Trainee: 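Submitted below is the structure of interest, expressed as structure tokens.
Whatever order the structure lists them in is the order used to number ligands and atoms, beginning at 1. Everything quoted here is computed from the prediction, not taken from an experiment.
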Amino acid sequence: MNEYDSAKMLELLGEKSNFQTTENESEADLLVLNTCSIREKAQERVFHQVGRWKALKENNPNLKIAVGGCVASQEGEAISKRAPAVDIVFGPQTLHKLPDLYEESSQDGKRKLDITFPKIEKFDHFPEPKAEGPSAFVSVMEGCNKYCSFCVVPHTRGHEVSRPFDDILQEVTSLANQGVREINFLGQNVNNFKGEKDGEKSSLAELIRDAANIDNIDRLRFTTSHPFEFKDDLVDLYLDVPELVSHVHLPVQSGSDRILKLMRRRYTRKSYLDLVNRIRANRPDISFSSDFIVGFPGETEEDFQDTLDVIDSVKFDESFSFIYSPRPNTPAAKMEDDVSLDEKKERLNILQNKLNNYSSQIARKMVGTIEKCLVTDISKRNPGEFQARTENNRVVNFSSAKNFIGSFVDLEIVEAKPNSLRGKFTGGTIN
Ligand code: SAH
């Protein structure tokens with residue numbers, strides 16, 4: 001989501017303020033930091049970065065520093081109190097105002113702050129989307145009403161608001177016309193999308209069906225879905241929409257019913273596993289990835305074991321896991337926590353080892369198979385090679401005399417490396 005927001009900031013600043021990007025910080029007249037506050041560590045990095053940038057103002061008195069995103073939304077004025085070098089503070093819902101805030105601050109030399117939540121207005125201010133390669137993010141809804149007890153998102157991004165259905169399809173069409181082949185629909189609670197279509201509420205399943213019919217669009221993903229909102233119409237799509245990839249990111253957080261209840265997740269271990277099984281029944285080769293929080297306040301050894309059991313049941317693909325981090329204004333932050341940090345680190349280590357075992361097993365099983373891959377880029381490590389993505393979003397590096405960026409190719413997986421796969425071009429291009 002932040003990557004999408006940052007891209008929009010760049011487009012807006014380019015279009016409205018004639019800014020260009022630079023690789024060299026000391027050349028910049030405006031430095032923008034888009035921030036995340038999901039865990040405390042991400043938040044602390046903001047102040048370190050601003051601290052480093054402050055010195056650049058000595059050589060360039062016109063330099064403005066702006067801080068946007070969720071830390072800005074959460075901290076507001078406290079940002080420039082702690083870091084007076086910051087000139088502009090804006091939130092996730094006011095990023096479209098950045099060009100104006102910059103202009104005003106440059107003219108009167110004063111600090112500017114706007115962290116309001118003006119509904120979904122920002123999307124009406126975005127310029128025509130610009131494709132950056134064959135894969136694109138498209139934000140479909142913002143905010144979250146779930147109020148999971150550990151999570152800061154409803155407080156920083158605000159309540160759920162869905163974009164109108166046709167606006168999204170228009171954005172997808174425009175990207176498809178620029179060569180985009182894969183769309184990743186974004187939302188903090190993406191499967192509760194309810195965008196208005198012909199005066200009625202629609203659903204993510206309807207949006208995916210229509211997007212799949214747009215010429216050039218061959219792959220659809222969505223992030224991040226909440227298990228509670230994963231309704232039957234979405235499960236049904238896996239039967240007859242081949243554009244919808246055989247990979248679902250479905251954060252479980254914990255496998256203990258007691259902890260899930262304290263987290264206010266609204267599902268149980270059983271209902272989560274039932275959902276996984278129903279999706280698998282429709283798409284047997286599908287892979288699941290997930291998010292995990294270890295060391296939630298009061299998590300016992302038994303609760304932790306329940307989480308490990310869920311991993312053994314589902315055998316997740318590459319996943320994300322974190323030690324619980326108390327966030328301001330969240331109920332969990334007030335819960336008693338008697339598990340030591342050392343114990344939490346130990347649990348994270350055990351959990352990550354288990355996750356890694358399954359994800360490398362999946363990678364090893366892929367060796368010898370032929371995968372339909374979208375060629376996205378030149379290889380990061382070796383500019384003489386190309387990088388492609390499998391359906392389960394694995395990176396595959398391969399060499400080819402011809403540049404296939406933007407096309408689907410058949411690659412034989414010949415080696416599983418720790419963070420990527422090696423592929424061999426079979427000569428088969430899909431288009
Ligand atoms: N909307 C998604 C969450 C997106 S945030 C959902 O409801 O599942 C990405 C991940 O960060 C979460 O899935 C969770 O695993 C982790 N996370 C969120 N708040 C956290 C906290 N306070 N401490 C540690 N991890 C957290």
Trainee: Show which atoms of ligand 1 fall inside a sub-4.0 Å distance from at least one heavy-atom site of Ile323.
Mentor: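 Result: 24 (C).
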
Trainee: Among Arg265, Met263, Gln188, which one has a heavy atom closest to atom 7 (O) of ligand 1?
Mentor: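 Checking each option, the heavy atom nearest atom 7 (O) of ligand 1 is found in Arg265.
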
Trainee: Quick one: list whatever passes side chain to side chain donor-acceptor pair (under 3.5 Å) with Asn34, sequence neighbours left out.
Mentor: Ser6

Trainee: May I ask you to check if ligand 1 and Asp291 share an N or O to N or O distance below 3.5 Å?
Mentor: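 Yes.
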
Trainee: Any salt bridge between Lys41 and Glu44, counting N to O under 4.0 Å?
Mentor: no

Trainee: Just going by heavy-atom distances, which of Ala332, Ser325, Cys151 is nearest to atom 21 (C) of ligand 1?
Mentor: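 Answer by nearest heavy atom: Ser325.
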
Trainee: Between Glu206 and Lys197, is the closest basic N to carboxylate O distance under 4.0 Å?
Mentor: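 Answer for the salt bridge query: yes.
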
Trainee: How does Phe150 reach ligand 1, if at all, at less than 4.0 Å between non-hydrogen atoms: by side chain, backbone, both, or neither?
Mentor: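 Both backbone and side chain.
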
Trainee: Grab the two heavy atoms, one from Met335 and one from Ser149, that are nearest each other, plus how far apart they are.
Mentor: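 Residues Met335 and Ser149, closest heavy atoms: CE-OG, 4.0 Å.
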
Trainee: Evaluate the ring planes of His159 and Tyr147, with Trp represented by its six-membered ring, and classify them as parallel (under 30°), tilted (30 to 60°) or perpendicular (over 60°).
Mentor: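 Rings of His159 and Tyr147: perpendicular, as their planes differ by over 60°.
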
Trainee: Protein heavy atom under 4.0 angstrom of atom 18 (C) of ligand 1, is there one?
Mentor: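 Answer yes: something from the protein, a heavy atom, is under 4.0 Å.
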
Trainee: Does NZ or CZ of Lys270 come closer than 6.0 Å to the centre of the six-membered ring of Tyr267, within 45° of the ring's axis?
Mentor: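 Not flagged: Lys270 not positioned over aromatic ring of Tyr267.
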
Trainee: Record the part of Val153 in heavy-atom contact with ligand 1 below 4.0 Å; permitted values are side chain, backbone, both and neither.
Mentor: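 It is neither; nothing of Val153 touches ligand 1.
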
Trainee: Just heavy atoms, cut-off under 4.0 Å: does Ile38 contact ligand 1 by side chain, backbone, both, or neither?
Mentor: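 Near ligand 1, Ile38 shows its backbone as well as its side chain.
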
Trainee: Could you tell me whether atom 2 (C) of ligand 1 has at least one protein heavy atom nearer than 4.0 Å?
Mentor: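 Given the 4.0 Å cut-off, atom 2 (C) of ligand 1 counts as touching protein heavy atoms.
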
Trainee: Quick check on contacts: which atoms of ligand 1 are under 4.0 angstrom from a heavy atom of Thr224?
Mentor: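 Near Thr224, the atoms of ligand 1 are 2 (C).
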
Trainee: Report the part of Gln253 (side chain from C-beta onward, or backbone N, CA, C, O) that has a heavy atom under 4.0 Å from ligand 1; answer both or neither where that applies.
Mentor: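 Near ligand 1, Gln253 shows its side chain, while the N, CA, C and O stay back.
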
Trainee: What pairs of donor and acceptor atoms, side-chain ones from residues 125-141 against any protein atom, are under 3.5 angstrom apart with sequence neighbours left out?
Mentor:
unit_1, atom_1, unit_2, atom_2, d
Glu128, OE2, Ser174, OG, 3.1
Ser135, OG, Glu182, OE1, 2.6

